[in-house]
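Basis for what follows: all heavy atoms, side chains included, without hydrogens, waters or symmetry-related copies. It should be emphasised that the depicted structure is a prediction, and the values quoted were computed from it without experimental measurement.
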Amino acid sequence: MAGITDRPFRDLVLRFGAGLVVSEMVASQEMVQAKPGVRERAELGADVANTAVQLAGREAHWMAEAARQVADRGAAIIDINMGCPAKRVTNGYSGSALLKTPDHALRLIQAVVEAVDVPVTLKTRLGWDRDCLNAADVARRAQDAGVRMVTIHGRTRCQFYKGSADWAAIAAIKDAVTIPVIANGDIVDTTTARTALTQSGADGVMVGRGAQGMPWRLAQIAHGLWGSPAPTIPQGTDLADLVADHYQSMLSFYGTDLGLRVARKHLGWYMDHVGTEPGLRRQVLTARDPAQVLLLLPRALMPPARAAA
């Protein structure tokens, strides 16, 4: 999730015990050519345990070279993005647009697999639209090319995020390959994760938007499904301390000016979950002085009854 799964947020999610986190999608050519802003954003944490680096692109040369660079920097897994539905990505014939040209997509996959010794995985969707549901064929060919795992978002590209994810449709991909298949889309808690696994037959789940404002959610789902250690879910003062640490990490990572803007969406999600009073929420999100934000957070993140007292 571009602009969300940055290094500060991934570090926090890992601290709670997630099995795997994935970097923001990085444009391969821009990274290799080190265009302004990309190298900085690509502070990928490639050498951090349980982190996959996700690459996007439309040319085999640049995909392969970017894969070599991130592998040399310590990446344990390289993930190929063939799922992003954003027009700015698909208009450049990257992301889920590659589902329309599976032969070309396979050349990119082969180039990356041949360029590195680390495992290569693939993230994609059911197809471009309802008339192009070719994920099973793409996954089978990707497996033959050496891809070690595939994650399927249960929507087509043309659905974007509308309607509901079709977890049952992922079963066709699971039937087509022997490598692990991960179900994705609308998985927000243990109940939806269990249902997605049942309907899809998948080997695991990937959580995206369901973790916004709840970095403990992945560990919580893993505990519910497989009995891994349960995370301690912070509340009240503990939540305020966690959010303050996350806030300061973002300011440090991005610098104060950009960090203030990036942090607002995360602060908003945290406050959504505790039901922060609208006026106080507005103060937090419009404050331009980090010290003022830190002063407001304990009150903003208290449960409403205690805050009112």
Side-chain angles (χ1 to χ4, degrees), residues 1-26 41 44-45 50-56 77-90 94-96 99 121-127 135 149-170 173 180-197 199-200 202-225 231 246 250 262 265-266 268-270 272-273:
M1 297 185 291
I4 299 171
T5 55
D6 56 18
R7 179 68 184 272
F9 187 64
R10 295 197 314 272
D11 286 349
L12 189 53
V13 172
L14 283 171
R15 196 193 315 168
F16 280 97
L20 178 72
V21 295
V22 184
S23 76
E24 294 177 271
M25 179 182 67
V26 177
R41 192 188 67 219
L44 299 173
N50 296 6
T51 298
V53 175
Q54 187 177 86
L55 299 177
I77 298 173
I78 293 172
D79 188 56
I80 298 173
N81 184 297
M82 281 178 51
C84 181
K87 289 182 179 179
R88 63 181 176 80
V89 175
T90 58
S94 299
S96 55
L99 288 164
T121 61
L122 175 67
K123 171 80 188 304
T124 189
R125 287 184 168 228
L126 296 174
M149 183 177 79
V150 60
T151 299
I152 304 292
H153 183 111
R155 290 181 174 87
T156 66
R157 181 271 175 184
C158 289
Q159 285 181 274
F160 287 88
Y161 296 98
K162 297 176 182 177
S164 299
D166 187 352
W167 301 319
I170 298 173
I173 293 88
V181 173
I182 307 300
N184 174 238
D186 296 349
I187 297 169
V188 298
D189 54 23
T190 302
T191 299
T192 50
R194 185 174 287 114
T195 303
L197 288 174
Q199 293 185 4
S200 66
D203 302 284
V205 295
M206 175 177 281
V207 179
R209 292 171 294 164
Q212 292 173 173
M214 294 184 288
W216 51 84
R217 183 61 90 195
L218 279 74
Q220 192 178 33
I221 291 173
H223 170 71
L225 293 177
H246 186 191
M250 287 185 280
V262 171
K265 56 179 174 285
H266 289 278
W269 291 322
Y270 285 122
D272 285 344
H273 294 307

Distance-minimising heavy-atom pair for [X] and [Y]:
X	Y	result
Gly213	Tyr270	O-CD2, 3.3 Å
Trp216	Pro231	O-CG, 4.0 Å
Trp167	Thr192	CH2-O, 3.9 Å
His153	Asn184	ND1-OD1, 3.0 Å
Phe9	His246	CD1-CE1, 3.7 Å
Val205	Ile182	C-CG2, 3.4 Å

Donor-acceptor pair, [X] side chain versus [Y] backbone, under 3.5 Å?
X	Y	answer
Arg157	Gly95	no
Ser94	Thr90	no
Arg194	Leu225	no
Asp186	Ala165	yes

How many angstroms lie between [atom1] in [X] and [atom2] in [Y], if you round to the nearest 0.5 Å?
X	Y	atom1	atom2	result
Arg217	His273	CZ	NE2	7.5 Å
Asp272	Met214	CG	CE	10.0 Å
Asp79	Leu122	CG	CG	7.0 Å
Met250	Asp6	CE	CG	7.5 Å
Thr195	Asp189	OG1	CG	8.5 Å
Ile170	Leu126	CD1	CG	6.0 Å

I'd like to check [X] versus [Y] (side-chain heavy atoms, cut-off strictly below 4.5 Å). Are they in contact?
X	Y	answer
Met206	Val22	yes
Leu218	Phe16	no
Val21	Asn50	no
Thr121	Thr151	no
Asp203	Met149	no
Ile80	Thr124	no

Geometric cation-pi criterion, Arg125 with Tyr161: 6.0 Å, 45°: yes

Test item: side-chain donor near acceptor, Thr51 and Arg10, under 3.5 Å: no

Asp11 bridged to Arg15 by N-O distance under 4.0 Å: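 A salt bridge is absent here (no side-chain N lies under 4.0 Å from a carboxylate O).
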
